There are 2 protein chains.
Amino acid sequence: MARRRQSVTIKHVAADAGVSLQTVSRVINNEPNVRPAMKERVQESIDKLGYVPSIAAQRMSGSRSYIIMAINDRDLTIADWRAREGRDWIDQMLLGGMLTCAEHGYRMLIELVDTHNDHVERELGAAIAALQPDGIILTPPHSENPLITGLLAERGIPFARIGSKQGGLGIAMTMGDTHNARLATEHLIQLGHTRIGFIAGPEEFSLSNWRVDGWKSALEAAGLSAEGLCERGDFGFASGSIAAEKLLRTDDAPSAIIASSDQMALATLEVARGRGLQIPRDLSIVSFDNSPIVRFTQPPLTAIDQPIAETTSRAVELLIENASGKRPAEPISVPGKLIVRASTGKAPSANLSEPRTRSA
Amino acid sequence: MARRRQSVTIKHVAADAGVSLQTVSRVINNEPNVRPAMKERVQESIDKLGYVPSIAAQRMSGSRSYIIMAINDRDLTIADWRAREGRDWIDQMLLGGMLTCAEHGYRMLIELVDTHNDHVERELGAAIAALQPDGIILTPPHSENPLITGLLAERGIPFARIGSKQGGLGIAMTMGDTHNARLATEHLIQLGHTRIGFIAGPEEFSLSNWRVDGWKSALEAAGLSAEGLCERGDFGFASGSIAAEKLLRTDDAPSAIIASSDQMALATLEVARGRGLQIPRDLSIVSFDNSPIVRFTQPPLTAIDQPIAETTSRAVELLIENASGKRPAEPISVPGKLIVRASTGKAPSANLSEPRTRSA
DNA sequence: TCGCTCTTTGAGAACGTTATCAATTGAAGG
DNA sequence: CCTTCAATTGATAACGTTCTCAAAGAGCGA
């Protein structure tokens with residue numbers, strides 16, 4: 001196998017411009033203390049020869065690797081892919097992350113890591129050693145894993161935790177989950193609903209619980225009860241069916257349900273249909289995520305759009321600033337938006353006269 | 001900014017095992033001519049110290065970069081992402097590509113490149129110079145772009161063209177588009193349909209035309225006419241609406257429509273509904289791609305599942321074998337499957353008695 | 001003009017790995 | 001036991017970039 005060599009190197013540029021390697025390097029990296037005339041001359045050679053620095057060599061010499069690694073959970077992700085479950089979390093991360101990386105001359109690389117075994121550290125450690133990324137983006141549930149955050153902090157690699165609370169190691173980025181759930185709940189309250197069910201995500205995801213908090217606080221503010229109205233799922237379709245079934249088979253069933261994921265909302269839709277309920281006449285449904293699917297169901301679902309792309313983009317910016325040694329700006333929490341579609345409507349009139357249905 | 005150095009290097013391993021660097025390198029790369037005892041001794045040190053080779057350094061020394069680059073069209077992809085159109089092409093590529101890469105110690109990196117401007121070459125050239133990937137996967141419409149394939153061939157970088165015909169530069173991988181379209185058409189013919197419409201993709205995608213070929217050949221084999229039954233779209237929802245409208249507003253409208261993408265199928269569904277047609281009683285619909293969306297429409301759509309993940313996985317394998325100097329196996333064409341759901345049914349009985357409706 | 005400081009440029013080492021070629025060891029054949 | 005050749009190991013030079021530190025130049029006040 002022939003040894004493939006880089007076609008145009010910094011040497012060629014230096015020779016062409018008649019300067020030293022170091023000067024060319026300075027121009028490439030936009031360092032200060034280069035005379036404008038010199039800078040221009042070097043830049044001309046760079047353009048003329050079509051020179052692009054080798055990332056491998058840059059990394060070798062101890063500077064940046066220009067790689068941001070996004071860590072996703074292997075099991076979860078693959079299960080979704082195989083089943084074509086259609087969560088577009090990864091898609092949206094790519095959108096936000098890749099574009100922002102590209103703007104700064106970085107690349108984003110997705111790495112799948114198993115949460116559910118005991119060698120998370122080893123696996124992640126190997127990925128880091130191999131690629132030496134300048135920054136890492138953690139997504140739930142990894143963002144809450146102290147083994148992982150500890151490892152990264154120890155190695156001094158900047159990282160952002162998406163969907164994770166402020167404080168602690170690394171940069172925390174949230175998507176306003178509490179606020180978003182409150183938004184959805186208030187929307188339903190305004191439509192006259194007094195019994196609003198909630199299908200929560202799994203407990204190991206903090207954001208699951210923040211959403212529950214938001215729902216509860218909105219109910220409390222309106223003087224409504226939450227009792228017996230919360231079931232837990234695992235974000236997947238099957239668990240959503242079970243949860244919806246439980247909520248709907250009670251005597252005093254809710255007239256509206258908020259599901260913590262699109263899949264669980266779809267399941268709720270199916271269960272409701274199976275019980276002969278019309279949406280939204282008999283039951284209003286709000287879903288979380290707003291992935292492509294929910295626009296094409298019958299009826300299209302009202303949903304909370306989680307700003308994954310924007311949050312990832314922001315995380316990338318913070319990491320790059322961090323790596324560049326610039327004083328990074330504060331992390332921001334990007335709140336989601338409520339997208340109202342046809343799956344939510346006025347509450348069945350029977351309940352309208354009596355806002356407080358608390359009975360237990 | 002402190003110069004971050006690799007924690008455990010090949011030097012440490014060599015010192016620990018009491019051998020030369022080169023021997024360690026040989027063990028890492030599984031080269032022949034290392035005594036088993038020696039190999040074991042070195043491997044022990046590697047495991048003990050948790051050593052992982054630096055990809056940057058490996059690439060520097062002229063060997064592989066362990067990176068496979070997947071090139072996607074920037075405009076198309078971003079538009080889909082922004083609109084949450086829900087094509088899961090990228091998702092499926094990631095599934096197939098990343099897992100296979102991971103198995104071989106490679107990484108897959110997605111790179112977005114603009115087709116629609118004149119500096120495709122420069123953009124791609126820069127990405128190659130920066131990352132020096134061991135292999136490249138091209139997706140439509142890039143896989144048919146002679147500028148790109150020429151560039152890659154010239155630089156001697158192995159590449160696979162997905163959705164592109166055999167012959168020509170690089171490795172061609174197809175997904176049996178002709179066969180798949182024939183499959184869908186035959187399914188409808190068996191259900192008694194005699195006027196089967198087809199919504200094709202844009203002409204610059206060869207696979208669009210292969211699908212048309214498959215549809216036509218199945219019709220011909222059954223003695224049916226294709227005349228006036230093919231419209232073109234651009235894979236997107238809006239274009240699907242227009243095409244479906246055209247097909248359905250004729251006097252002699254088809255009783256079944258095959259759409260070349262899920263989005264166009266969804267549009268057809270909507271147009272049909274708007275015209276008061278019941279699916280599948282009045283109109284059968286088959287879609288191409290089988291992305292997550294189509295399982296949750298009402299009714300769920302019969303669809304051709306394009307084996308994107310499998311094809312990408314296979315492409316990665318071929319590229320890695322190529323890079324390893326092994327004599328690569330032949331590229332294979334992975335045919336798709338027809339997934340029958342509720343959107344296809346028996347043709348309206350009127351047509352059943354007279355299979356040949358040719359009139360023009 | 002001299003001497004000082006700050007700016008601009010350059011030379012050479014270093015980064016962690018593999019390629020190349022030389023040196024050593026071991027085995028087989030006479 | 002010696003020769004011959006292959007198998008195994010090692011030493012050194014790349015690879016393309018940035019870092020460190022030294023040198024040269026420029027500006028400025030006395």
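Throughout, a chain's letter reflects where its sequence line sits, starting with A, and its residues are numbered from 1. Predicted model, so just to flag it, every value in this text is computed and none were measured. What's counted below: heavy atoms across the whole structure, side chains too, no hydrogens, waters or symmetry copies.
In this model, the phosphate group of D:dT8 is approached by a side-chain N or O of B:Asn33 to a distance below 4.0 Å at OP1 or OP2. Distances shorter than 4.0 Å separate none of the side-chain N or O atoms of A:Ser61 from OP1 or OP2 on D:dT17. Between A:Gln22 and C:dT9 there is no side-chain N or O to OP1 or OP2 distance below 4.0 Å. One finds no side-chain N or O of B:Ser54 lying less than 4.0 angstrom from the OP1 or OP2 phosphate oxygen of C:dG16. For the OP1/OP2 pair of D:dT17 and a distance below 4.0 Å, the side-chain nitrogens and oxygens of A:Ser25 include no atom meeting the criterion. Using a 4.0 Å cut-off, no side-chain N or O of A:Arg35 falls inside it from OP1 or OP2 of C:dT7.
You'll find that the side chain of A:Asn29 is closest to D:dT18, out of C:dT17, D:dT18, D:dT17. When distances run from any side-chain atom of B:Thr23 to the nucleotides D:dT18, C:dG10, D:dG10, the shortest one goes to D:dG10. The listed nucleotides are C:dT18, D:dC15, C:dC15; the one nearest the side chain of B:Ile10 is C:dT18. The side chain of B:Tyr51 sits closest to C:dT17 out of C:dT17, C:dT9, D:dT18.
Counting heavy atoms of neighbouring residues, nucleotides and ligands inside a 6.0 Å radius, atom CD of B:Glu123 exceeds 12 of them. More than 12 heavy atoms of other residues, nucleotides or ligands lie within 6.0 Å of CD in B:Glu204, so this atom counts as buried by the packing criterion.
For the pair A:Arg59 CZ and C:dG16 C1', the interatomic distance rounds to 10 Å; values are reported in whole Å. Atom CE in B:Met38 sits roughly 11 Å away from atom P in C:dG26 (whole-Å rounding). Remark: P of D:dT18 and NZ of A:Lys11 are 14 Å apart, rounded to the nearest angstrom. Rounding to whole angstrom units, CG of residue A:Asn30 and P of D:dT18 are separated by 12 Å. Summarising the geometry, the separation between CD1 on A:Ile28 and P on D:dG16 is reported as 13 Å, rounded to the nearest angstrom. Counting to the nearest Å, the C1' atom of D:dC15 and the CD1 atom of B:Ile55 are 17 Å from each other. Atom CD of A:Glu31 is separated from atom C1' of C:dT9 by 12 Å (rounded to the nearest Å). One can place CG of B:Leu21 at 17 Å from P of D:dA14, the figure rounded to the nearest angstrom.
When all heavy atoms of B:Leu151 and B:Gly125 are compared, the closest pair comes out as CD2-N, 4.1 Å. Contact between A:Tyr51 and A:Val8 at its shortest, heavy atoms only, is CD1-O, 3.3 Å.
No side-chain donor from either of A:Ser164 and A:Ser143 sits under 3.5 Å from a side-chain acceptor of the other.
The residue among A:Val34 and B:Arg26 whose nearest nucleotide of DNA chain C lies closer to the 5′ end is A:Val34.
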